[in-house]
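Report on the structure given below.
Atoms considered below: every heavy atom in the structure, side chains included; atoms not considered: hydrogens, waters and symmetry mates. Here, residue 1 is the first one in the sequence, and each next residue gets the next number.
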Amino acid sequence: MMARRDIKAAEKEQRENLERAREAAQLSAELNNAFVKNQSLSQTEIKKLERLRKLTRRIREYAGGTDGDVTIENVPHELKSALEKLTEHTEAMLKEVEKTPRQVVSASVIERTNELLEIIRYVRSLTR
């Protein structure tokens, strides 16, 4: 009985993590679209960026990761390319989360989220 309860709890956590990844992908697409439309990020988009950061950290925690030093190749030097890279990495993270079973600690998801968090830090520095 307890084993079934544990399995159901683990399945629920997996579904919630997948929903976080989907929301993160949606938020990054919205940020990119808003920038293309307005050529800047409003306070609403800055809040979405913060929400994206929090979601990404939760996804990384679920995958078993912690803060890590990440170096991103070809760091974008302007906000537009940084947001495009953000969207690209978020979509890749979503695909990794979708294909990772709940019993597995995924190094690729952890690496992807660490890269994504580094890009988010960079975008935040460009918006200040």
Check: How many angstroms lie between NE2 in His89 and CD1 in Ile120, if you round to the nearest 0.5 Å?
Finding: 11.0 Å
Item checked: salt bridge (Lys or Arg N to Asp or Glu O under 4.0 Å) against Arg15, all qualifying residues, sequence neighbours excluded -> none
Give every donor-acceptor pair under 3.5 Å between a side-chain atom in residues 5-14 and any protein atom, sequence neighbours left out.
| unit_1 | atom_1 | unit_2 | atom_2 | d |
| --- | --- | --- | --- | --- |
| Gln14 | OE1 | Tyr62 | OH | 3.1 |
| Gln14 | NE2 | Thr100 | O | 3.3 |

Item checked: Nearest atoms (heavy-atom pairs only) where Gly64 meets Ile110 -> C-CD1, 3.7 Å
Margin query: So Lys95 and Lys99, do their side chains get closer than 4.5 Å, heavy atoms only?
Written below: no
Notebook entry, point to check: Is Val36 linked to Leu126 within one hydrophobic cluster, defined over Ile, Leu, Val, Met, Phe, Trp and Tyr using a side-chain heavy-atom separation of less than 4.5 Å?
Noted result: no
Item checked: Closest approach of Val123 to Ala82 (non-hydrogen atoms, all atoms of both residues) -> CG2-CB, 3.7 Å
Margin query: With heavy-atom distances below 4.5 Å as the criterion, would you say the side chains of Leu52 and Leu86 are in contact?
Written below: yes
Next item on the list: Using a 4.5 Å cut-off on heavy atoms from C-beta on, say whether the side chain of Met93 contacts that of Glu96.
Entry: no
Check: Does a side-chain N-to-carboxylate-O contact under 4.0 Å join Arg22 and Glu19?
Finding: yes
Item checked: Residues in side-chain hydrogen bond (donor to acceptor under 3.5 Å, both in side chains) contact with Glu61, at least two apart in sequence or another chain -> none
Item checked: Thr113 side chain vs Thr56 backbone, donor-acceptor pair below 3.5 Å -> no
Note to self: Quick check: do Leu116 and Ile59 have side-chain heavy atoms less than 4.5 Å from each other?
What the structure shows: no
Next item on the list: Apply side chain to side chain contact (heavy atoms under 4.5 Å, CB included) to Ile119 and Thr90, showing your working.
Entry: CA-CA 10 Å; Ile119 295 169; Thr90 308; over 6 Å; no
Check: Taking C-beta and beyond as the side chain, do Arg53 and Arg121 meet within less than 4.5 Å on heavy atoms?
Finding: no
Margin query: My understanding is that only residues two or more places apart in sequence, or in another chain, count here; which of them pass side-chain hydrogen bond (donor to acceptor under 3.5 Å, both in side chains) with Arg58?
Written below: none
Next item on the list: Return each pair, listed once, that meets side-chain hydrogen bond (donor to acceptor under 3.5 Å, both in side chains) where at least one residue sits in residues 39-49; pairs must be two or more places apart or across chains.
Entry: Glu30-Lys48, Ser42-Glu45
Note to self: Rounded at 0.5 Å granularity, tell me how far CG in Asn32 sits from CG in Leu83.
What the structure shows: 5.5 Å
Check: How about Arg60 and Val109: do any of their side-chain heavy atoms sit closer than 4.5 Å?
Finding: no
Check: Excluding sequence neighbours, so at least two apart, what forms salt bridge (Lys or Arg N to Asp or Glu O under 4.0 Å) with Arg51?
Finding: Glu23
